[in-house]
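Here, residue 1 is the first one in the sequence, and each next residue gets the next number. Values below: all heavy atoms of this structure, side chains included; hydrogens, waters and symmetry mates excluded.
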Amino acid sequence: MSSTPAASVLFVCVHNAGRSQMAAGFLTHIAGDRVEVRSAGSIPADQVNPAAVEAMKEVGIDISGQQPKILTTEVFQASDYVITMGCGDACPIFPGKKYLDWALEDPAGKGVESVRPIRDEIKTRIEALIAEIDAQQEK
């Protein structure tokens with residue numbers, strides 16, 4: 001099998017500290033090196049949301065070493081899929097990319113018990129995304 005990833009996915013949220021980090025963690029965990037995973041934010045926070053880190057630890061995924069990153073044009077251009085999570089008009093549109101907008105509650109300022117349902121919704125969406133990427137590869 002080729003070592004080239006099937007697709008490159010970029011998760012974008014304003015602070016790149018909760019939703020996008022959890023999504024990147026799930027996609028990396030489930031798809032492994034089959035998919036190249038990036039995340040970024042238009043106004044990145046100083047650190048990943050501790051409640052998001054804890055919620056992901058509960059399902060065996062460690063995102064504590066991740067650092068929020070600034071969104072750049074290069075990151076967009078290097079991605080096949082761009083999944084926005086509340087960045088609105090801050091996201092540029094480039095031809096040839098698949099754009100998805102996931103309306104997800106922002107975990108900022110919430111405790112782990114409030115972040116769990118967001119985490120679980122992200123996992124469900126990640127599983128559907130992987131199925132879509134796999135279906136595209138089979139074409």
Would you please name every residue forming a side-chain hydrogen bond (donor to acceptor under 3.5 Å, both in side chains) with [X], sequence neighbours left out?
X: Gln66; value: none
X: Asn16; value: Ser20, Gln21, Ser39
X: Glu54; value: none
X: Asp106; value: none

In the structure I gave you, are the side-chain heavy atoms of Val12 and Val82 within less than 4.5 Å of one another anywhere? yes
With sequence neighbours left out, what residues match [X] under side-chain contact (heavy atoms from CB on, under 4.5 Å)?
X: Arg125; value: Trp102, Leu104, Glu121
X: Thr72; value: Ile70, Glu74, Val75
X: Lys123; value: Phe26, Glu127

Please name the pair of heavy atoms, one in [X] and one in [Y], separated by the smallest distance, quoted to 0.1 Å.
X: Ser114; Y: Lys110; result: CB-CB, 3.8 Å
X: Cys13; Y: Ala17; result: SG-N, 4.2 Å
X: Ala51; Y: Gly111; result: CB-C, 3.9 Å
X: Gly18; Y: Pro107; result: CA-CG, 4.0 Å
X: Ala7; Y: Tyr81; result: CB-CE1, 3.9 Å

What distance separates [X] [atom1] from [Y] [atom2], expressed to the nearest 0.5 Å?
X: Ile63; Y: Met56; atom1: CD1; atom2: CE; answer: 5.5 Å
X: Gln77; Y: Ser8; atom1: CD; atom2: OG; answer: 12.0 Å
X: Ile83; Y: Leu10; atom1: CD1; atom2: CG; answer: 8.5 Å
X: Leu27; Y: His29; atom1: CG; atom2: NE2; answer: 11.5 Å
X: Arg19; Y: Glu105; atom1: CZ; atom2: CD; answer: 9.0 Å
X: Ile133; Y: Arg34; atom1: CD1; atom2: CZ; answer: 8.5 Å

Applying salt bridge (Lys or Arg N to Asp or Glu O under 4.0 Å) as the test, list every pair that has at least one member in residues 4-16; sequence neighbours left out. none
Only counting residues at least two apart or in another chain, list the ones meeting salt bridge (charged side-chain N to carboxylate O under 4.0 Å, His left out) with [X].
X: Asp120; answer: none
X: Lys98; answer: Glu132
X: Asp62; answer: none

Any pair counted as side-chain hydrogen bond (donor to acceptor under 3.5 Å, both in side chains), so long as it reaches residues 43-52, sequence neighbours left out: none
Answer yes or no: is there a donor N or O on one side and an acceptor on the other, between the side chain of Arg119 and the main chain of Val59, under 3.5 Å? no
Ile126 reachable from Leu100 in the ILVMFWY side-chain graph, under 4.5 Å edges: yes
In this structure, would Val9 and Ile30 fall into the same cluster of hydrophobic residues linked by side-chain contacts under 4.5 Å? yes
Should Lys97 and Phe76 be marked as a side-chain contact (heavy atoms from CB on, under 4.5 Å) after you check the CA-CA gap, both sets of side-chain angles, and the distance that decides it? CA-CA 9 Å; Lys97 311 291 177 202; Phe76 266 103; 5.9 Å; no
Quick one: do Gln136 and Asp80 satisfy side-chain contact (heavy atoms from CB on, under 4.5 Å)? Show the steps, please. CA-CA 12 Å; Gln136 285 295 325; Asp80 301 312; over 6 Å; no
